[in-house]
2 protein chains.
Amino acid sequence: MGGDFGPHCIVPASLACLASFPSLHLTLVGQAPLLEELIARGRDVDRVRLRIQHAGEVIGMDERPAQALRGKPDSSMRVALELVRNGQARACVSAGNTGALMALSRYVLKTLPGIDRPAMVTAVPTEKGHCHLLDLGANVDCSAEHLYQFAVMGAVAAEALGIDRPRVALLNVGTEDVKGNQQVKLAASLLQQASGINYIGYVEGDGLFRGAADVVVCDGFVGNILLKSSEGLAAMISARMGELFRQGVVARMVGALALPFLRRLQADLAPARYNGASFLGLQGIVIKSHGSAGAESFQSAIRRALKEIEEDLPERLHGRLEHLLL
Amino acid sequence: MGGDFGPHCIVPASLACLASFPSLHLTLVGQAPLLEELIARGRDVDRVRLRIQHAGEVIGMDERPAQALRGKPDSSMRVALELVRNGQARACVSAGNTGALMALSRYVLKTLPGIDRPAMVTAVPTEKGHCHLLDLGANVDCSAEHLYQFAVMGAVAAEALGIDRPRVALLNVGTEDVKGNQQVKLAASLLQQASGINYIGYVEGDGLFRGAADVVVCDGFVGNILLKSSEGLAAMISARMGELFRQGVVARMVGALALPFLRRLQADLAPARYNGASFLGLQGIVIKSHGSAGAESFQSAIRRALKEIEEDLPERLHGRLEHLLL
């Protein structure tokens, strides 16, 4: 029920994914009459693999996490997470209120042993491919231990997604040892001592986009600002480019020719919007799709869930954490 | 003597500025024989307005600030700052080691009354124009009081640069009151109580680039990462665009036509590189040009110094701070 477009976007995305992945079973959680109505608009829907689970309440996009936790036992978000906890679903995908989703996920699913706080991770495009950036806003005040746990979780997730011995770096204001705040310096010394983690040191903001690391770790305050400012900058570049291409006849011709190229580029540059973010460190799989995501992006969030199910990411994380953290 | 290209870039930039601004007097501080040699390559140099002050030592780009403070009494950076302190110069412009420049500036010039730490500010391009972002890396751990002082300094500087009642915002992970870490929330309540500051609340990373505020305040860790990642993203976009425009004949034609437009855009998007950053809160004017800046960007750093001299920014700040802070 969440996200800026709610089920009007989520239902078509779900139907498209059902058609693409013959082994996929989906349960849509929310207000049954509305969901039925939207499903009826689809063609050739395989209802054997599409269930509806009614949930009467909806958590608003601006509702406080604490309110969502206490006030709404029958919210679509909570019911969906309970399906995961009870083994009736393997993963939960939501475009709803991020803070509420995180709070409910922790409450309903619990964290893995050794993990204080789950982290939010997404793939950010770089000059060489992608890097996995975490945390993205779940934790605004982080200790060195939290950063260390994020690094471990990011490394394991990157491995599960196919990167061999992922290069793990801490985001910092310089690459020299003396640079940074206390938490970052302490986290660096924890990571230097950890075996089984390919820790490569500090990376700066520009190094991240140059592809200097496969996993980049920071606190949620910094990660959130980095991600949103990157989205803002990419949008600004598109807007300015549009303006440039409207000035004069020649520019307009160039613009018309360049447009398809620029669109492709822009699509690749709105990271969270297009990839979905994953919550790491929970006893279950939870994927957060961007609130303003369209149907296509919601599909990629479902694909991310499928990938994590295939790799059994929580179990894999659990195994590695026992070695690295306990 | 500093920066990636040293006087080979700074001397030509200085000569160009001398020619453009008939009232400008410049003192080049550094190794006199080298400086003389580079000046001799220029044409029609008005030596009445161009002095050389010999300084035998150079601070390396990777040298620690503490080392620069203690070890090199005759560094070009320190001698230049002493000229400002002694009234022999109105401003110091350097492309050298940022940390060393900040440490030496504080030691030689001292901060204004009421200011604990100077901040680094630069103009970042937005959809609507520019916003003044501070701090950019001078202070990695900031209290609410520091953020408040940065906000006051940023507002006064923006006013001096021609913005009427600049909209001042705190950079945060959300726009609701409950969002953010302790320092940011406390700084918000300090700013809400301050009279004479047009405080508009929180702004997010994307809001910054949309032009939601004229002055955006954050700690130096966040500001440094935001600025460097923006530069990195802009560089990545250029690189990817170049690749796109090399694929196939049509793309190459479009690329050839689009290139001048894209260059113009890129130039506007590498903020610190092109504008220079200003140190605020000192008893004197210090402008930091980007280390890898070319001659053109060093000229814009000199122009920024001229603007701050015209507006007598330190004195203006001092007057406002007396009302707002003491």
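So you know, we letter chains A, B, ... as the sequences are listed, proteins then strands, and number each from 1.
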- request: Give the minimum heavy-atom separation between A:Glu176 and B:Asp62, together with the two atoms involved.
  value: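 Minimum heavy-atom contact is OE2-OD1, 4.1 Å.
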message: Surrounding CZ of A:Arg117 (heavy atoms of other residues, nucleotides or ligands, distance under 6.0 Å), is the total greater than 12?
response: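 Correct, the count exceeds 12.
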task: Decide if atom CG of B:Asp177 counts as having more than 12 heavy atoms of other residues, nucleotides or ligands within a radius under 6.0 Å.
output: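 Check fails, neighbour count at 12 or below.
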Spacing of [atom1] belonging to [X] relative to [atom2] belonging to [Y], to within rounding of 0.5 Å:
X	Y	atom1	atom2	value
A:Leu233	B:Ser230	CG	OG	5.0 Å
B:Asp219	A:Phe221	CG	CZ	7.0 Å
B:Phe209	A:Lys228	CZ	NZ	14.5 Å
B:Asn224	A:Leu171	CG	CG	9.0 Å
A:Lys128	B:Met236	NZ	CE	13.0 Å

message: Within the 4.5 Å heavy-atom criterion, are A:Leu226 and B:Ile225 side-chain neighbours or not?
response: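 In short, these two side chains touch, coming nearer than 4.5 Å.
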For [X], is it the side chain, the backbone, both or neither that has a heavy atom under 4.5 Å from a heavy atom of chain A?
X	answer
B:Glu204	side chain
B:Leu208	neither
B:Asn181	both

message: With side chain to side chain contact (heavy atoms under 4.5 Å, CB included) as the criterion, how do A:Val140 and B:Lys185 come out once you've worked through the C-alpha distance, each side chain's angles and the decisive distance to 0.1 Å?
response: CA-CA 12 Å; A:Val140 293; B:Lys185 284 190 237 180; over 6 Å; no
